[in-house]
2 protein chains.
Amino acid sequence: MERLATINDVAKIAGVSRQTVSRAINNKGEISLDTREQVLKVVQHLGYRPNRMAQGLVTQHTLTIGIIIPDISNPFFPEFARGVQDFAHQEEYNVFLCNTDGNPDEEVKALYSLAAQGVDGVILFTYQGSDDILKEFADKYHPVVVLNRYVEHPNIAVIMVNNYHGAKLAVEHLIERGHTNIAMLAGPDTSPSKVRQVKGFCDALTEHGLPVVAKWIISSLPLPTLTQGYQSAHQLLSKNPQITAIFAYNDLLAIGAIRACNELGYRVPTDCAIVGFDDIQLASMVTPSLTTIYVNKYTLGEQAMARLLNMINNPDSVSPSIYVDVELVVREST
Amino acid sequence: MERLATINDVAKIAGVSRQTVSRAINNKGEISLDTREQVLKVVQHLGYRPNRMAQGLVTQHTLTIGIIIPDISNPFFPEFARGVQDFAHQEEYNVFLCNTDGNPDEEVKALYSLAAQGVDGVILFTYQGSDDILKEFADKYHPVVVLNRYVEHPNIAVIMVNNYHGAKLAVEHLIERGHTNIAMLAGPDTSPSKVRQVKGFCDALTEHGLPVVAKWIISSLPLPTLTQGYQSAHQLLSKNPQITAIFAYNDLLAIGAIRACNELGYRVPTDCAIVGFDDIQLASMVTPSLTTIYVNKYTLGEQAMARLLNMINNPDSVSPSIYVDVELVVREST
DNA sequence: TAAAATGTCGTGAACGTTCACGAATGATCA
DNA sequence: TGATCATTCGTGAACGTTCACGACATTTTA
């Protein structure tokens, strides 16, 4: 591991000063075309690359950002992360990835670890902690893009998936198919998107003159996973045989519910129809394939990164909230 | 965004020098217990965190590493990445993630982008580029852990999944089930693990007195994806109806093959048995569920990170190659 | 023609931390 | 008692880069 070339090495060989080299590679400040070319030749020859830590120390910009998500193993997030990363790399940014398993303590740890690292901004998905901590962070450190949670702060941008509308689409689809006894596998109580989704679910029912049965709305704690969906659906259906349709907070819960149906001898969709949310890749691969609400996760990631970049480069601009819309995808499970 | 507290702020308030603060937080060098406690109180109070860029500039260590993989959307990699990340965070390291889509140019770009970023090391999965580039990188920059490819270099550690053995297990299982006409959906030609796997496949056949039919071994280019598996299997089975079993390079190819079977009216496993490789979560969720070769992806990630840490901390130690073994998991597809 | 303006480049300082060294204090020993 | 040692702490330098400013040569302007 030999020593890497520094800006001084380049300067010495090119016969100019550090500053001139800096001007040449950053393409700013006054420099003649001739010397610029000369310097760049030497840069090329030595394979010189500016040390990002030294740059970061003086400019207070590191060209890095962080993503904080519950779990990259959850099939929703890889696509989202790719959206962020592809956009980021295109803009010369590198990306840190942190998993929290939905644990608020871990979220805070990740937040401050990234701050000490010197990231230029953070993208935060399904934040469960307190607004105050987040606002304090945004005050003291860097811009933040938050997904699926509303936080009002000049240094925080919000992107919301339209869970409310998605839930309505799902329930209306089930009602069209003739279902009247519809249950819901809801998300974790701490999740704000869960609240909006439940509201859409209830509103759709009442708008069609159907009663809302509180006992048929089951929260999934701590995380909306396959086994959670399996257990909740199992309990729900064996206690309430009159239920003929289930709407789930996400596809994992829905797929768990399908398994529960199979085990209880319910046929999907004949005996019990099921609708998921997110349209992860798995949704079209299971049997029966899953009717669900499509969310463009990759684009969501790109948008989040675009917002963050905008905030980094224009610190004083306002960042209005964005709502991302969703679509119904009908498959075999309804 | 107010200015962050620096070591000098702490020093001033605590009434000591920078160096004493440094000694207190890094818990090294001689310092009395009293002053240490005093300093740490101030650190706590100010919420001081050492600036990693300043640290990195002088120590040449950044407490960051990079992972380079083809695609985090491929279900194999999230679990692997979590293994790396969990271990890394536990050791106070942060992790950069780069996707290359199997493109060698992107691999090199990622490698040098990470080097400029100042990572302490790199974990490289399914590297497709030339040995020379990698060796030059390991010479000039930092230690590298390479998976599923053999590269001899003092600054490069190698971890291999035992594809050869896995392929043998799969084929022997099919032969036990009475199959004699077995085809293979192989990986991309550029992948070294593909070569070892094909060898295991062929050896298993010949050891049991069965002929190897070259035409029945199909490479998947450029990437071993669902649609690749579907197309290859479709073509293979419609041209060669005598085939009764397929062994696939990975689970995605295998699941694509299941779909092709369904479409051609072949029943799995009655008309055509299928074995995959990797045991991704999806494998147990599809219908019929997939017999496959289990690889502990999370542990693989942990091991890779452990090797890398060891190389970072003990630059002169030798790093022998590791072989990670695999197991057969029998499910409905055979 | 002298003064002002422009274009090009270099120099010292700063970013926040650690390292190598040295200074001061008190304890220990012959 | 004077010398030696261990313990504890502080000071200047360095890491590699950019920023603010100034210097110089050349061109433009009054």
Side-chain angles (χ1 to χ4, degrees), chain A residues 1-40 42-43 46-64 92 115-120 140-141, chain B residues 1-40 42-43 46-64 92 115-120 140-141:
Chain A
M1 284 194 282
E2 52 191 68
R3 209 180 114 274
L4 262 59
T6 75
I7 202 171
N8 282 313
D9 299 332
V10 178
K12 208 170 287 177
I13 295 184
V16 296
S17 73
R18 312 188 292 281
Q19 185 58 21
T20 304
V21 177
S22 175
R23 280 192 264 256
I25 54 178
N26 292 323
N27 206 7
K28 76 178 184 184
E30 293 88 2
I31 185 175
S32 76
L33 232 120
D34 273 3
T35 48
R36 196 174 122 78
E37 273 181 18
Q38 285 295 331
V39 170
L40 289 186
V42 179
V43 167
L46 288 182
Y48 165 74
R49 290 201 160 218
N51 182 316
R52 289 235 169 149
M53 275 158 292
Q55 281 182 317
L57 197 54
V58 44
T59 61
Q60 310 287 8
H61 276 241
T62 56
L63 295 181
T64 61
E92 307 279 325
Q117 188 64 253
V119 294
D120 294 342
K140 288 181 69 170
Y141 300 92
Chain B
M1 281 192 283
E2 52 193 70
R3 211 180 110 276
L4 263 59
T6 74
I7 202 170
N8 282 313
D9 300 331
V10 178
K12 208 170 288 176
I13 295 183
V16 295
S17 72
R18 314 189 290 281
Q19 185 58 21
T20 305
V21 178
S22 175
R23 280 191 265 255
I25 54 179
N26 293 322
N27 206 7
K28 77 178 183 184
E30 293 89 1
I31 184 175
S32 76
L33 232 121
D34 274 2
T35 48
R36 195 173 122 78
E37 272 180 19
Q38 284 296 330
V39 170
L40 289 186
V42 179
V43 166
L46 288 183
Y48 165 74
R49 289 203 160 215
N51 181 315
R52 289 239 169 145
M53 275 157 294
Q55 282 182 317
L57 198 54
V58 42
T59 61
Q60 309 287 10
H61 276 240
T62 55
L63 296 180
T64 62
E92 306 280 324
Q117 188 64 251
V119 294
D120 294 341
K140 286 182 71 171
Y141 300 91

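By convention in this document, chain letters (A, B, ...) are assigned in the order of the sequence lines, proteins followed by strands, and residues within each chain are numbered from 1.
The side chain of A/Asn26 contributes an N or O atom lying less than 4.0 Å from OP1 or OP2 of D/dT18. Applying the 4.0 Å criterion to OP1 and OP2 of C/dC15, one finds that A/Thr59 has every side-chain N and O outside that range. Residue B/Thr20 places at least one side-chain N or O under 4.0 Å from the OP1 or OP2 atom of D/dG10. Residue B/Thr35 places at least one side-chain N or O under 4.0 Å from the OP1 or OP2 atom of D/dC9. Taking side-chain N and O atoms only, B/Ser22 has a distance below 4.0 Å to OP1 or OP2 of C/dT18. Note on A/Thr6: every side-chain N or O is 4.0 Å or more away from OP1 and OP2 of D/dC15.
The shortest distance between side-chain heavy atoms of B/Thr6 and B/Asn51 does not fall below 4.5 Å.
Here B/Arg18 lies in heavy-atom contact (under 4.0 Å) with a base. Residue-level contact check: A/Gln19 touches the bases, meaning some heavy atom is under 4.0 Å from a base atom.
Direction change of the helix axis from one end of the helix from C/dT1-D/dA30 to C/dA30-D/dT1 to the other is 50°, with five pairs defining each end axis (rounded to 10°).
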Under 3.5 Å, which protein N or O atoms sit close to an N or O of nucleotides 21-27 of chain D? Give each pair with its distance.
none

Using atom names, set out every protein N or O paired with an N or O of nucleotides 5-7 of chain C below 3.5 Å, distance rounded to 0.1 Å.
none

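Distance check, rounded to the nearest 0.5 Å: NE2 of B/His61 to OG1 of B/Thr64 gives 10.5 Å. Atoms OG1 and CZ, from A/Thr35 and A/Arg23 in turn, are 9.0 Å apart once rounded to the nearest 0.5 Å.
The A/Ser32 side chain lies nearest to C/dC9 when the options are C/dT17, C/dC9, D/dT18. Checking D/dT17, D/dG10, C/dG16 against every side-chain atom of B/Val58, the shortest atom distance belongs to C/dG16.
The shortest non-hydrogen separation linking B/Ile25 to B/Pro50 is CD1-CG, 4.4 Å.
Not one N or O on the side chain of A/Ser22 forms a donor-acceptor pair closer than 3.5 Å with the backbone of A/Arg18.
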